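To keep things clear, I will list the structure first and then write my remarks on it.
Keep in mind it's a predicted model, so treat the numbers as computed, not measured. Nothing fancy with the numbering, it's 1 onward along the sequence.
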Amino acid sequence: MPKRKQFIRHNQPVLTRLNPHQGNTRYLKGGGLTVVSSGAPQFWALTPHPTTYEMLGVRIGTGDLTTTHADTLYAPDFNGVYQAFPADAPVWAGGRCELVGGPGTDVVKVFANDGPGGAPLPEMPYLQYYPGSTNSAFYSNTLDATAWTHTVGVDWAVDAVGLDGTPNSAVTVGDSSGSTVHRIYATTSSSAAKVSDTAQHTMVLWLKKDADETVFPRIIMGLLGGTPQNQAFTINKNTGVVAPLSGTGTTEVVDAGGWWKILVEMTSVAGNTNGNLDISPAYSSTNGGSQDNTLQGSVVVGQVEFYYNKTIAEVRGLGPVFTTSAAVSVAATTYSFDIANHNDDAGAYFVENNMGGYKQSHALLALRANANSLMSVSGNAAAAQLTSWTLAGASSVTALGSLVYDTPYKFGNSYSQTDNQLSINANDAWGTEIAYAGFNLTNNKLELCYHANFMTATKLRNLQRYDITSYQDGKDIIDGLMA
C-alpha cells in the first residue's frame with residue numbers, strides 16, 4: 001500500500017506510463033517493460049492518442065466518452081495553472097492545454113506531451129471528476145470592498161496573476177504603514193445557506209507561495225452569528241508550515257503548484273449562520289510569534305471559498321469556484337461510455353485512480369445506478385476497501401486500509417461466467433473469490449463516478465477492458481498491469 005503522506009500534501013502522483021505506439025506493452029515504474037500476452041485491450045479509454053498524444057475519451061472501443069456538466073469547471077494543467085473547461089467538455093487534470101485564445105480562455109484539447117511533437121509528460125493526465133459544490137464567499141478572487149472590509153491603512157490591489165494564469169485576477173493585500181497591524185476581512189452574506197449546527201463546515205484560502213521568511217501573515221477563519229468559533233494561525237509562505245495561535249478547528253495545507261491551498265474545518269455550535277475570514281498580511285516576525293505592529297509586508301490571495309456542511313475531505317480536491325456578488329453553485333460532472341464496450345460473459349478491467357478526498361462511497365465504474373458496481377471504494381477512510389458487486393448481490397472485496405489522497409491506486413478485476421468466478425485487485429492484492437453469473441445491465445451504460453451524493457473529487461486514467469479465455473487468464477493480465 002502507498003505510504004501515508006505528511007501534513008502538507010503534494011499533488012505529484014507516480015506514473016505508470018503507457019507506450020502510445022503499442023497496445024500490449026507498458027512502461028512501468030523504474031523503466032522496466034512488461035508485455036501482456038493477450039494483446040491489446042478491447043476497450044481502452046482515458047489515455048493518449050498513439051502519435052499526437054491528445055488525451056482521448058475512447059482510444060479503442062465503441063463511441064466516445066459522454067460528458068455532462070452545465071458550468072465552466074477548472075482543473076490544473078501540467079504547470080499547475082487552473083484552466084477553464086467549458087460546459088459538457090471532459091475535464092482533464094495535469095495535461096498540456098490548447099486554448100481558444102490567450103490565458104483564461106476555454107480549453108479545446110489536452111495533450112500528454114510538453115509541446116507539439118514534444119516529449120511525453122512525466123505524469124499522464126487524469127480525467128477529473130468533480131461533485132456538485134457551492135462557494136458562498138463573495139468576490140472570491142478580488143476581495144472587493146463591496147463585500148470585504150478593508151481597515152484604514154491596508155493596501156489592496158487586484159494586480160496579480162491568478163489561479164487561471166490571467167493578469168489582474170488575484171489580489172495583493174499589504175501593510176506598509178509600520179504603525180499597526182492592518183487587515184482585510186469579510187463575513188458571508190445572510191443570503192448564504194444557514195450553517196447547520198453540529199455539522200462540519202470548511203473554509204478555503206489559496207495563498208501565493210513566497211520565499212520571504214521574515215514576515216508571517218495571520219489568518220483567522222471562523223463561524224459567526226451564534227456562539228463564535230475561530231481558528232487563528234500564522235503561515236510560512238515559503239514552506240506552507242502553519243503555526244496555530246488559537247481556536248479548535250482542523251487545518252490542512254495542500255501544495256497546489258504555485259499556491260498553498262489552506263483548508264480549515266469546524267463543527268458549528270449554537271446557531272452560527274455565517275463564515276468569516278480575516279487576513280493580516282504582516283503580523284509577526286516568527287511563525288507562531290506575537291503581534292508586531294512595526295512590520296510591513298504583503299500576501300497574494302488567489303481565491304477564498306466557504307463550503308457549508310462540507311468536511312475538508314469533501315472539498316480538498318475541488319478546483320476553484322469563482323464568485324462575484326453572490327454565491328455560485330456548480331453541478332456534478334457525469335461521465336459514461338456505450339454499454340457495447342462491456343462484455344458481461346468474461347473480462348478483465350483495469351484503471352488507475354487518484355482520490356482528492358473521500359466521504360462514503362466511490363462508485364468508480366458502474367453498470368447501474370446503485371452500489372452494484374464493477375469497482376467501488378467503500379467503507380470509511382481509515383479502513384476502506386475495493387468492492388465488485390454481482391447481479392446476485394455477492395461481492396468480492398480487497399482491503400485498501402487507510403486511504404492516502406493525491407496518490408495513484410491501481411485497480412483491476414477478472415470475471416468469467418464459464419468458470420463461475422470473480423475477484424477484484426487493488427495495488428496487486430487480490431480480494432475474495434466469489435461465484436459470478438453476471439453483472440446488472442439494466443442501466444444500459446458504463447458509468448464513471450456514480451453516486452453523486454457520496455462522491456468527492458477524484459481522478460481516473462488508463463481504463464482498459466480485456467477479453468479473456470478464462471478467469472485465470474484475466475488474473476494474469478491484471479497481475480502484469482499491476483507490476
> Considering residues at least two apart in sequence or located in another chain, which fulfil the side-chain hydrogen bond (donor to acceptor under 3.5 Å, both in side chains) criterion with N353?
Replying inline: T458

> What about Y53 and H49, are their ring centers closer than 6.0 Å?
Replying inline: no

> Looking only at heavy atoms, what is the nearest atom pair of Y405 and A381, with distance?
Replying inline: OH-CB, 3.7 Å

> Run the side chain to side chain donor-acceptor pair (under 3.5 Å) check on D338 and T62 step by step: do they pass?
Replying inline: CA-CA 6 Å; D338 194 306; T62 301; 5.8 Å; no

>> If we ignore hydrogens and angles and just use 3.5 Å, is the side chain of D71 paired with the main-chain N or O of A331 as donor and acceptor?
In response: yes

>> D88: which residues meet the side-chain hydrogen bond (donor to acceptor under 3.5 Å, both in side chains) condition with it, sequence neighbours left out?
In response: none

> So do the side chains of I219 and L205 get within less than 4.5 Å of each other, counting heavy atoms only?
Replying inline: yes

>> According to side chain to side chain contact (heavy atoms under 4.5 Å, CB included), who are the partners of D479, at least two apart in sequence or on a separate chain?
In response: N425, D428, W430, D476

> With side chains defined as the heavy atoms from C-beta onward, is the minimum distance between I220 and L245 less than 4.5 Å?
Replying inline: no

> With sequence neighbours excluded, what pairs up with Y74 under the ring pair (Phe, Tyr, Trp, His ring centres under 6.0 Å) test?
Replying inline: F322

> For V321, does its backbone N or O pair with a side-chain atom of N135 as donor and acceptor, under 3.5 Å?
Replying inline: yes

>> So, using ring pair (Phe, Tyr, Trp, His ring centres under 6.0 Å) as the criterion, who are the partners of W92 when residues are at least two apart?
In response: none

> Given the side-chain rings of F350 and W44, with only the six-membered ring counted for Trp, is the space between their centroids under 6.0 Å?
Replying inline: no

> How long is the gap from CG on N427 to NZ on K410, to the nearest 0.5 Å?
Replying inline: 8.0 Å

>> Treating S396 as the side-chain partner and S388 as the backbone partner, does any N or O pair qualify as donor plus acceptor under 3.5 Å?
In response: no

> Is T202 reaching over with its side chain to a backbone N or O of K310, donor-acceptor style, under 3.5 angstrom?
Replying inline: yes

>> Ignoring hydrogens, what is the shortest heavy-atom contact between P320 and E305? Give both atom names and the distance.
In response: CA-OE2, 3.3 Å

> Taking the side chain as C-beta and beyond, is there a heavy-atom pair between V264 and F233 under 4.5 Å?
Replying inline: yes

> Which heavy-atom pair separates T72 from A84 by the least distance, and what is that distance?
Replying inline: CG2-CB, 3.8 Å

> For the atom pair CG (L446) and CG (L374), what is the distance rounded to the nearest 0.5 Å?
Replying inline: 6.5 Å

> Under the 3.5 angstrom rule, does the side chain of E252 hit a backbone N or O of I312 as a donor-acceptor pair?
Replying inline: no

>> With side-chain contact (heavy atoms from CB on, under 4.5 Å) as the criterion, how do T134 and Y307 come out once you've worked through the C-alpha distance, each side chain's angles and the decisive distance to 0.1 Å?
In response: CA-CA 6 Å; T134 298; Y307 292 107; 5.6 Å; no

> Sub-3.5 Å donor-acceptor pair from the side chain of T311 to the main-chain atoms of Q200, do we have one?
Replying inline: no

> Between V108 and L99, is a side-chain contact (heavy atoms from CB on, under 4.5 Å) present by the stated rule, with each step listed?
Replying inline: CA-CA 5 Å; V108 178; L99 308 181; 5.8 Å; no

> With sequence neighbours left out, what residues match Y130 under ring pair (Phe, Tyr, Trp, His ring centres under 6.0 Å)?
Replying inline: none

> Is the backbone N or O of V397 less than 3.5 Å from a side-chain atom of T387, with the two atoms forming a donor-acceptor pair by type?
Replying inline: no

> Are H362 and C449 close enough, and set up right, to give a side-chain contact (heavy atoms from CB on, under 4.5 Å), and what steps lead you there?
Replying inline: CA-CA 6 Å; H362 279 195; C449 302; over 6 Å; no

> Any side-chain heavy-atom pair from V241 and I235 closer than 4.5 angstrom?
Replying inline: no

> Can you name the closest pair of heavy atoms from G165 and V81 and give their distance?
Replying inline: N-CG1, 3.6 Å

>> Strictly distance-based, threshold 3.5 Å: is any side-chain N or O of K261 a donor or acceptor partner for the main-chain N or O of R316?
In response: yes

> Backbone N or O of A45 within a donor-acceptor pair of the T47 side chain at under 3.5 Å?
Replying inline: no

>> By the salt bridge (Lys or Arg N to Asp or Glu O under 4.0 Å) test, which pairs, at least two apart or in different chains, include something from residues 200-209?
In response: K209-D255

> Do we see a donor-acceptor contact under 3.5 Å between the side chains of N141 and S169?
Replying inline: no

> Is there a side-chain contact between L403 and Y409 (heavy atoms, below 4.5 Å)?
Replying inline: yes

> So, Q303 and S140: side-chain donor and acceptor under 3.5 Å apart, yes or no?
Replying inline: yes

> Is S414 close to K475 at the side-chain level, that is, under 4.5 Å between some pair of heavy atoms?
Replying inline: yes

> How close do L207 and K237 get, heavy atom to heavy atom, and via which atoms?
Replying inline: CD2-CG, 4.2 Å

> Roughly how far, to the nearest 0.5 Å, is the CG atom of N341 from the NZ atom of K445?
Replying inline: 14.0 Å

> About how many Å separate CG of L448 and CG of L364, when rounded to the nearest 0.5 Å?
Replying inline: 8.5 Å

> By side chain to side chain contact (heavy atoms under 4.5 Å, CB included), which residues pair with T67, not counting sequence neighbours?
Replying inline: L65, H69, P90, Y335

> From L318 CG over to T456 OG1, what is the distance, rounded to the nearest 0.5 angstrom?
Replying inline: 8.5 Å

>> Within the structure provided, determine whether L73 and V330 are in side-chain contact (heavy-atom separation under 4.5 Å).
In response: yes

> N462 and Q464: side-chain donor and acceptor closer than 3.5 Å?
Replying inline: yes

> Which pairs, with at least one residue in residues 94-110 and sequence neighbours excluded, count as a side chain to side chain donor-acceptor pair (under 3.5 Å)?
Replying inline: R96-N113

> Taking only residues two or more places apart in sequence or in another chain, which ones pass side-chain hydrogen bond (donor to acceptor under 3.5 Å, both in side chains) with T250?
Replying inline: none

> Can you say whether the rings of Y415 and H342 are parallel (under 30°), tilted (30 to 60°) or perpendicular (over 60°)?
Replying inline: parallel

>> Ignoring hydrogens and geometry beyond distance, is a side-chain donor-acceptor pair present between D164 and Q83 at under 3.5 Å?
In response: no

> Residues two or more places apart in sequence or in another chain: which of them pass ring pair (Phe, Tyr, Trp, His ring centres under 6.0 Å) with F43?
Replying inline: F337

>> In the structure I gave you, are the side-chain heavy atoms of T251 and Q231 within less than 4.5 Å of one another anywhere?
In response: yes

> Going by distance alone, is a donor N or O of one side chain under 3.5 Å from an acceptor N or O of the other, for T267 and H201?
Replying inline: no

>> Assess whether a salt bridge exists between E352 and R461, defined as any Lys/Arg side-chain N lying under 4.0 Å from an Asp/Glu carboxylate O.
In response: yes

> Do W206 and Y82 pass the ring-ring contact (aromatic ring centres under 6.0 Å, His included) test, and can you show the C-alpha distance, the side-chain angles, and the key distance before you say yes or no?
Replying inline: CA-CA 12 Å; W206 305 67; Y82 281 80; 5.3 Å; yes

>> Quick check for you: to the nearest 0.5 Å, what is the distance between Q42 atom CD and I60 atom CD1?
In response: 8.0 Å

>> Using every non-hydrogen atom in the two residues, find where Q128 and A93 come nearest and quote the distance to one decimal.
In response: OE1-CB, 3.9 Å

> With sequence neighbours left out, what residues match T142 under side-chain hydrogen bond (donor to acceptor under 3.5 Å, both in side chains)?
Replying inline: none

